[in-house]
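Heavy atoms only: backbone and side chains are in, while hydrogens, waters and symmetry mates are out. So you know, we letter chains A, B, ... as the sequences are listed, proteins then strands, and number each from 1. Quantities reported herein were computed from a predicted structural model and do not represent experimental measurements.
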Amino acid sequence: MNCENFNDRLPEYLDETLSTTEQAAAREHVQKCGACQQAVARQEALAKSIRLSFNRETQGLSLSAETRQNILNALKQPSLQPTSWERLRACCAVLWLKPVRVGLVLLCLLLLISGSRFHRQRAERSTLPATAQAASDIYVIDVPIETEMHFYRRQNNRVVDAVVTGVSVIDASFSGNLSPATSLKRHIH
Amino acid sequence: MAEIPSCSAQKAADSFDVQEFIDSHGDRLLRSAYLLCGNATEAQDLVQETLIQAIKSWRGFRGESAPYTWLHGILLNLCRRYHRKQKRLVYDEDVVLKETFQVDQARDMDQDFCAARLTKAMQELSREHREVILLRFYENMKIEEIARQTGVSSGTVKSRLHYAMRGLEQLIPREMNLFASDGTHPIGTP
């Protein structure tokens, strides 16, 4: 350990709170180093001097009888901190004394309840399955309907050629309250 | 035997004798408070408040430190609050201090003067430096204990101690030889 390290650890060395190894190294260093011996002596003398000065300055001080009595009196009084129940009761008392506040609170409660009901109803509606909703309004079916198309080639108002092709309608939509079967029949016919 | 406090404070005070508690810690706490705030009347008020708070919250004391250390922590907090309030007051304290020192300088360099001069110099330090000097030299606390008590690291305590000592060195007259470089005992030390 060198002088710089020792000075850094001087307060802990005096407190004897260094690790065993560090304390031993510091003790070994201070035994060899005159400057660090002087630093230790200076610190100890200074601490002693300050302690003595403080003791001398405060030696005549003691708690006055008035202070002692004040402490006991303060402890006799009920706690200034209200309990939760007391706070709640005080809050209720204030509310009952002020009808406007009571009205406002009731209005707020009413709005809160009606708002929550409305929200709940909307939520219920939105959770209905899509297929069920579709069942009451529009039917979307995916039934291929085979049909035939005839193409005629004419020359001087005479049909000279005819082509028949098969086409299919991929989907069809129907609206109204009719059952899908009826609706389908109508379109097909 | 002291009268046992009633109502809610009585519950807190059941486990110990209030009068004995005040006797054990009151005076020592008062001296510490005086060194912190530099005013005997304020010190009485601070200790009064500290003891009332401590007795009322005695059940909250978990015994992790000595009762006096716990009390001293409450005192430090109250002193900090007191100094914050003092800063808001507008009056020229410096004039009062200078006048006092002029009178004091006429006195002999005796031990009482040294003690008074040191105490006054303490009041000129910052709150943090004053606390660390008090805890180190009056309460004889180790660096680690001061760190716990003030809620800062050991490194910060060492740094504050170093600068606080430098501050005192500048405030204390050289004639008092308090910071003698040769390790000899300063004036006022037997």
Side-chain angles (χ1 to χ4, degrees), chain A residues 5-19 23 30 33-83 85-86, chain B residues 2-10 12-13 18-19 22-23 26-27 29-32 34-35 40 43-45 47-48 51-52 55-56 111-112 114-119 122 133-134 136-138 140 142-144 154 157-158 161 165 168 178-190:
Chain A
N5 291 337
F6 179 78
N7 277 320
D8 284 344
R9 292 165 174 76
L10 182 54
E12 287 95 338
Y13 172 72
L14 294 171
D15 287 348
E16 296 183 350
T17 52
L18 289 171
S19 66
Q23 192 76 20
V30 83
C33 177
C36 289
Q37 278 175 22
Q38 213 172 22
V40 170
R42 184 170 176 256
Q43 278 295 314
E44 285 174 341
L46 188 62
K48 192 178 177 184
S49 173
I50 292 175
R51 200 169 295 132
L52 281 170
S53 291
F54 284 166
N55 286 337
R56 187 172 288 279
E57 185 67 3
T58 58
Q59 64 185 353
L61 285 174
S62 63
L63 268 189
S64 69
E66 189 189 351
T67 305
R68 286 169 187 270
Q69 195 54 49
N70 286 345
I71 295 167
L72 295 174
N73 289 343
L75 294 172
K76 277 178 194 171
Q77 287 169 2
S79 177
L80 294 175
Q81 295 290 326
T83 60
W85 173 241
E86 283 168 347
Chain B
E3 193 180 347
I4 298 295
S6 59
C7 300
S8 58
Q10 186 176 2
V18 174
Q19 190 67 64
I22 296 170
D23 288 343
D27 289 352
L29 212 56
L30 178 76
R31 288 164 193 162
S32 209
Y34 173 72
L35 292 170
Q44 294 272 355
D45 290 346
V47 173
Q48 179 182 308
L51 287 169
I52 290 169
I55 294 166
K56 283 187 174 176
Q111 293 175 349
D112 286 339
C114 288
R117 189 67 189 87
L118 184 62
T119 311
M122 279 277 284
I133 292 277
L134 178 91
R136 181 71 173 167
F137 298 113
Y138 187 71
N140 297 324
K142 294 178 177 177
I143 298 291
E144 289 171 358
S154 297
V157 171
K158 281 168 70 176
L161 190 60
M165 294 305 284
L168 280 182
L178 186 70
F179 295 87
S181 58
D182 56 356
T184 54
H185 285 184
I187 290 173
T189 311

Nearest atoms (heavy-atom pairs only) where A/Ala74 meets B/Ile52: CB-CD1, 3.4 Å

Gap separating the CG atom of A/Leu72 from the CD1 atom of B/Ile55, nearest 0.5 angstrom: 7.5 Å

B/Arg31 side chain vs A/Thr58 backbone, donor-acceptor pair below 3.5 Å: yes

Check: B/Asp27 side chain, A/Leu61 main-chain N or O, donor-acceptor pair, under 3.5 Å: no

For the student: nearest non-hydrogen atoms of A/Arg51 and B/Phe137, plus distance: NE-O, 3.0 Å

Sub-4.5 Å side-chain heavy-atom contact between A/Asp15 and B/Arg136: yes

Any donor-acceptor N/O pair, B/Lys158 side chain to A/Asp8 backbone, under 3.5 Å: yes

Distance (rounded to the nearest 0.5 Å) between A/Leu46 CG and B/Leu168 CG: 8.0 Å

Portion of B/Ile143 that has a non-hydrogen atom of chain A nearer than 4.5 angstrom: both

Verdict with reasoning, A/Leu75 to B/Val18, per side chain to side chain contact (heavy atoms under 4.5 Å, CB included): CA-CA 10 Å; A/Leu75 294 172; B/Val18 174; 3.8 Å; yes

Contact check, side chains of A/Arg68 and B/Asp23, non-hydrogen atoms, under 4.5 Å: yes

Separation between CE of B/Met122 and CD1 of A/Ile50, rounded to the nearest 0.5 Å: 8.5 Å

CG on B/Leu29 to CG on A/Leu63, rounded to 0.5 Å: 8.0 Å

Side-chain (B/Gln44) to main-chain (A/Ser64) donor-acceptor, under 3.5 angstrom: yes

Region of A/Gln37 in contact with chain B, defined by heavy-atom distances below 4.5 Å: neither

Value rounded to 0.5 Å, distance of NZ in B/Lys142 from OG1 in A/Thr17: 6.5 Å

Minimal non-hydrogen separation, B/Leu118 against A/Ser53, with atom names: CD2-CB, 3.5 Å

